[in-house]
Each structure stands twice: as structure tokens, then as C-alpha cells.
Number of protein chains: 2
Amino acid sequence: MTSLTEFALIERYFSHCGAERRDVELGVGDDAALLRPPVGEDLVAAIDTLVAGVHFPPDAAPGSIGHRALAVNLSDLAAMGARPAWALLALTLPKPDELWLEGFALGFGALARAHDVALVGGDTTKGPLCITVQLLGHVPHSSALRRSGARPGDALFLSGTVGDAAAGLLLEQGRLALEDMAAAKELRARFAFPIPRVALGERLRGHASACIDVSDGLLGDAAKLGAASGCGVQIEFEELPVSPALLRAVGAERARHLALTGGDDYELCFSVPPARVEELERALPRERWDYRRIGTLRDAADAVVTRGGTVMQFSHSGFDHFSS
Amino acid sequence: MTSLTEFALIERYFSHCGAERRDVELGVGDDAALLRPPVGEDLVAAIDTLVAGVHFPPDAAPGSIGHRALAVNLSDLAAMGARPAWALLALTLPKPDELWLEGFALGFGALARAHDVALVGGDTTKGPLCITVQLLGHVPHSSALRRSGARPGDALFLSGTVGDAAAGLLLEQGRLALEDMAAAKELRARFAFPIPRVALGERLRGHASACIDVSDGLLGDAAKLGAASGCGVQIEFEELPVSPALLRAVGAERARHLALTGGDDYELCFSVPPARVEELERALPRERWDYRRIGTLRDAADAVVTRGGTVMQFSHSGFDHFSS
């Protein structure tokens with residue numbers, strides 16, 4: 001009975017792939033999953049697709065693809081201040097390659113368990129390599145972070161460093177060469193195994209007025225936060241946080257350009273009203289939570305980058321899925 | 001700013017595509033959707049992918065693709081006895097073709113509104129044509145239908161007629177020719193615009209001991225219901241419900257073979273304990289709900305088809321996504 005092939009694959013690699021959760025009434029194997037969401041919380045739902053050759057090199061390590069497919073969704077939930085809980089996986093594969101599936105499930109499963117996410121359902125289909133993950137989580141009623149809550153004058157913050165993943169992808173594609181092997185390894189890992197800021201997102205509830213995750217490039221994503229809030233954003237070029245590895249790899253000038261426009265870092269960009277900045281810094285010490293101020297929300301409609309008071313000129317596009 | 005392309009597309013075609021629901025706190029446009037599930041109900045989650053050239057002809061009408069992408073998920077929820085509520089759409093397209101998107105959104109939106117389903121989130125990516133829909137719904141706590149509740153001796157029922165969609169696909173592919181244009185039109189519509197049995201699924205709660213939707217072929221899907229329940233199934237060939245159109249198109253013998261193994265009909269196959277059959281038939285009159293008994297669950301491990309008491313021989317495969 002040939003139809004066992006597909007189901008045997010799913011069974012073998014995905015039935016115990018994620019975390020075990022007591023609020024899963026019924027997981028993989030029926031027509032749908034049955035879940036018990038916590039009372040008094042809103043449900044949070046995100047979906048993201050990674051396409052071979054567009055979002056990752058076709059020959060990328062399957063463990064990295066599995067990690068990233070979940071990480072991009074975890075990052076979406078982090079941007080809402082939500083706690084992730086359950087994932088569904090739609091996997092389209094040219095053929096049922098066991099080694100590939102094993103690696104993919106390892107990468108996906110390790111990140112899922114790290115965030116207590118259960119894999120509760122999925123669909124495996126034949127076709128060009130493409131992965132869609134749908135992630136569900138929850139957040140106390142009416143307390144989710146949104147893109148739209150910023151006001152002119154709010155301080156703009158960013159977690160971690162940006163630009164690393166873009167440099168990592170350039171290295172992966174052979175479009176950048178480095179003699180500094182340690183830096184190269186670090187940058188590649190930032191692309192291949194991004195760390196979504198789930199814990200920070202949850203802690204930002206009650207502090208941030210708006211939040212977005214940096215997936216398409218800081219400038220474009222900060223502009224989206226501004227637009228959703230009816231504001232403009234001003235980012236100070238010299239304040240852009242770049243990693244020592246990126247500085248060593250490409251120098252300060254190019255590093256900050258990559259930081260502005262490179263995608264795939266999955267840091268959080270968030271706004272905080274001036275009167276609440278001190279409270280934020282007390283509640284979430286910078287040395288532990290790793291964020292810094294990069295600019296200000298302004299009473300305008302556009303996103304600008306300034307350097308010592310002067311506005312810089314850019315073609316400030318994010319990563320457009322149809323133009324890449 | 002090129003990244004507007006994608007968002008403008010999503011905005012234009014999908015922001016008002018489905019139903020408006022008061023339990024949607026935040027829909028398309030932020031990092032994730034915020035939903036308010038009803039208290040006392042379990043959450044039900046399904047995901048299904050349609051790949052061009054595998055699940056539909058690449059040149060299929062976009063309205064049909066939009067309809068089917070949602071219908072296959074609605075059918076999964078129907079099989080659980082659940083009420084659908086919110087959908088997320090991951091759409092991978094070679095290029096942002098406006099006419100195609102308009103047609104797709106029309107097909108998707110009409111079916112979504114018919115079932116009061118809100119489109120609350122999505123992701124649009126560049127790549128080979130592929131559609132993943134994730135559907136969420138709810139069902140009163142601990143009352144969902146499952147595949148696993150059947151017992152030997154239970155009566156096996158099927159809604160509607162099966163085999164039509166398979167014939168419709170053969171017509172679509174030019175692998176079947178018919179002079180009877182009315183029959184051809186009917187069969188094609190069964191493939192292109194299947195009607196998921198959502199209302200029946202909800203009504204079957206408290207009656208059916210197990211339920212599955214017929215997506216991959218009746219024999220294979222009934223066997224899955226049996227296997228999940230630790231039973232075998234026996235289906236009576238002469239009782240297989242086939243439509244007048246299919247009978248006219250291919251004759252009684254071939255019609256019943258298509259009914260056994262053809263996929264994509266999205267009817268419900270369900271079991272009912274013998275002592276509760278009368279109650280079922282009183283509560284859900286057949287003339288209104290359109291179902292019939294096709295066999296029996298048995299104390300065995302396999303699925304058999306009988307004809308006047310004799311077991312028929314088949315290669316009883318469902319539709320395997322990796323062997324097609």
C-alpha cells in the first residue's frame with residue numbers, strides 16, 4: 001500500500017520531533033490537531049514560508065533549514081510579546097530523502113524543544129523544496145505588542161546586532177570571501193541558525209509601545225513600524241549595533257550599511273515612550289538583555305538615517321520577495 | 001521602495017477577502033494575528049498544501065485553486081466535527097500576477113465567507129506555484145470526532161457520492177473524453193469546486209464513533225480510519241454511492257472502481273455503533289443529509305471490498321503524494 005510511504009516518513013521523523021505539552025489533546029496523525037488554549041489569553045498565529053533558492057541556498061544544510069523555518073515564526077511571535085506553544089509544518093519535497101528529513105527534523109526539533117513548542121500537525125507533499133511553518137502561541141488578553149502603538153518622540157531600540165546574517169549569506173553564496181575563519185564561522189551561523197528573541201519579546205510587554213522583528217532589513221522594517229504607527233523614524237547611523245565579527249569582516253562603513261539593509265537577523269526593533277525609558281532600563285538591564293537605542297520616532301511620514309545631524313541618502317528598500 | 005510591491009498585493013487582494021469576525025483582535029498586517037478563541041472549546045488546527053502539477057493542473061483556473069486550497073482544510077475540520085473560524089494563507093508564486101491573484105482571492109474569499117472564516121494572516125513568497133492554507137476552528141471540549149473511536153461491528157457510512165472528482169480530473173487532463181457535456185461539466189465542478197461537509201461534520205458529534213474525510217480515495221481513507229481504531233473495514237461494492245453523472249460517463253463498473261480509489265471528493269466517511277444507527281437516522285434524516293451505509297467495521301487488520309459476500313481483489317492504494 002504505497003500511501004504508507006508518506007505516513008511512515010511523517011511518523012518516523014516528526015511524531016516526536018518537538019516538545020511534549022499537556023495542552024495537546026491530539027497531535028500528528030488525525031485530520032487535525034486538538035489543542036487547549038489557556039483561558040484569559042489571546043491566541044497568536046503566524047505563518048512563514050521558506051523557498052529553496054529564494055530564502056536559502058538549495059544545498060543548505062537541512063538542519064539549518066529546519067531551524068530557520070521555525071525561527072522565522074518564533075521571531076514573529078516574539079515581536080508580538082507572545083509565548084509560542086504549537087507548530088504545524090507543511091513540507092514540500094522533490095523526493096522523500098531520509099538523510100535530509102533526519103537533518104531537517106533535528107534542526108526543527110531542537111529549536112522547538114528549546115521553546116517548548118509541540119509539533120502538532122503537518123502535511124507532506126511532493127514538489128519543489130518549500131517549507132511553510134505555522135506557529136501558534138498565546139499572550140495575556142489585550143497585552144500583545146503591535147507595530148502600531150508608537151508615537152512621535154518615542155525612543156527606538158534594537159536588540160543584538162544586525163547585518164551579520166546578510167554577511168553570512170554572502171559568504172554562503174561565495175559573494176564574500178574572508179581570511180578570518182573565526183569571523184566567517186560566526187557570520188555564517190547568524191544566517192544558518194538565527195536566535196529569535198522570544199524571551200525579550202515577552203519581557204517587553206508593558207514597556208514597548210510598538211515592536212517588529214527585523215527579518216527584511218532594519219531600515220525597511222523600522223519604516224513599517226513607523227508607517228503602522230502613523231509616524232516616521234530617524235535612525236542614527238553611528239549608533240547601529242554591529243558585531244566585532246562583521247567589523248573585522250567588512251569594516252565599519254560597510255558593516256553599518258549591511259546593518260541597515262541586510263535581512264534575516266531576527267532581532268527586535270521596538271519603541272518606548274521617553275517617560276518609560278528609565279523603567280525599561282531598570283526592568284531589563286542592558287548588559288543582560290542586549291539592546292540599545294538607535295533612533296527616534298518622528299512626526300513625519302518617512303524613514304531617515306542621520307549621521308551627526310545630517311540626513312544620509314539611500315535607496316532604503318527592505319528585502320522584497322518579488323524583486324530578489 | 002520595492003518592498004511595497006508585496007505588501008500592496010497582499011493588502012489589495014487579501015485584506016478583505018474572508019469573513020469579518022468579532023473574535024479577530026488583529027488580522028492581516030502585523031507580525032502575527034491575534035484571535036480570541038471561545039472559552040470551553042478545544043482549538044482545532046489543520047494545514048494542507050496544494051502544489052501546481054501535483055494537486056492541480058498548473059493552468060487550472062485561479063478561482064478553483066483558491067477554493068480548493070481552503071476546501072481541503074475545511075474538510076479536515078469537518079472530519080473532526082469542528083466549526084471553522086480563522087485561516088492563514090502562505091502563497092508562493094512565480095510572479096505577482098494581478099489577474100491570477102484576483103481570481104484566487106475570489107475563489108478563496110467566497111468559500112471563506114460561506115463558512116464565516118476570516119483570513120487573518122499570511123505570507124507571500126516568490127517561487128514555484130504552491131499554496132498552503134492553515135485553518136483554525138473550535139469544537140466543544142472533548143467532543144471532537146477522531147479517526148480512532150470505531151469498534152468492530154460499527155456501521156460504516158459515507159456522505160454524498162465519490163469518484164466524481166477523480167473523473168473530473170481525468171477530464172481536465174484530457175485523459176477521459178465525454179460527449180455528454182452536462183455530465184462532464186458536473187464532474188469537472190466536483191474536482192474544481194468541492195463542497196466540504198462542514199455542517200454534517202458538526203451534526204455528527206455525539207453520533208459517529210469515528211470520522212475521516214475522503215481526500216486520498218475512499219478505500220485508503222476508510223482503511224486509515226480502521227487502522228487508527230484498531231479494526232478492519234469491509235466495504236460492499238454494490239453499496240458504493242456514485243452519481244448519475246459518473247454512471248453516465250463511465251458506466252457502473254468503472255464508476256465504482258473510481259469511487260473506491262479516486263481522491264479529492266472531500267466527503268465524510270464515518271462509523272456509528274449499531275445501537276445508535278436508528279438515532280442517527282432520526283436526528284439526521286438521510287433525504288436531507290445525504291449519506292448511506294457502505295459497510296462495517298470488523299475485527300481484523302485490513303480493508304476488504306466485498307461483492308455479494310465474496311471478497312474482491314485490489315491493489316488498494318490511496319493517493320500517495322510521493323508515487324504520483
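Chain naming here is simple, since letters A, B, ... match the order of the sequence lines and numbering starts at 1 in each.
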- Of the non-hydrogen atoms in A:Asp30 and B:Arg147, which two are nearest, and what is the gap between them? OD2-N, 2.9 Å
- Item | Backbone N/O of A:Thr49 and side chain of B:Asp123: donor-acceptor pair under 3.5 Å | yes
- Query: Given a strict heavy-atom distance threshold of 4.5 Å, which part of A:Leu136 is in contact with chain B: side chain, backbone, both, or neither?
  - Reply: side chain
- Query: Looking only at heavy atoms, which two atoms of A:Gln134 and B:Ile47 are closest? And how far apart?
  - Reply: CB-CD1, 4.1 Å
- Message: For chain B, which candidate among A:Val51, A:Leu145, A:Leu89 shows the most heavy-atom pairs at distances under 4.5 Å?
- Response: A:Val51
- Most chain A-contacting option - heavy-atom pairs closer than 4.5 Å, from B:Asp23, B:Asp48, B:Val39: B:Asp48
- What closest approach, in Å, do B:Asp31 and A:Ile212 show between heavy atoms, and which atom pair accounts for it? OD2-CA, 3.4 Å
- Message: I'd like to know which of B:Gly121, B:Ala52, B:Pro37, B:Gly53 tops the heavy-atom pair count under 4.5 Å against chain A.
- Response: B:Pro37
- Side chain, backbone, both or neither: which part of A:Ala228 has an atom under 4.5 Å from a heavy atom of chain B? neither
- Query: Which region of A:Val120, side chain (C-beta onward) or backbone (N, CA, C, O), has a non-hydrogen atom less than 4.5 Å from a non-hydrogen atom of chain B, or is it both or neither?
  - Reply: neither
- What part of A:His141 gets closer than 4.5 Å to chain B, counting heavy atoms only: side chain, backbone, both or neither? side chain
- Under 4.5 Å from a heavy atom of chain B, the part of A:Leu77 involved: side chain
- Choice from B:Ala32, B:Ser142, B:Gly29 maximising heavy atom contacts with chain A below 4.5 Å: B:Ala32
- Query: For the candidates B:Ala46, B:Ala45, B:Gly40, which exhibits the highest count of non-hydrogen atom pairs separated by less than 4.5 Å from chain A?
  - Reply: B:Ala45
- Query: Checking side-chain contact (heavy atoms from CB on, under 4.5 Å) for the pair A:Asp42/B:Leu26: CA distance, chi angles, key distance, verdict?
  - Reply: CA-CA 10 Å; A:Asp42 289 338; B:Leu26 185 63; over 6 Å; no
- Message: Counting heavy-atom pairs closer than 4.5 Å to chain A, which one of B:Asn73, B:Leu43, B:Thr92, B:Leu34 comes out on top?
- Response: B:Leu43
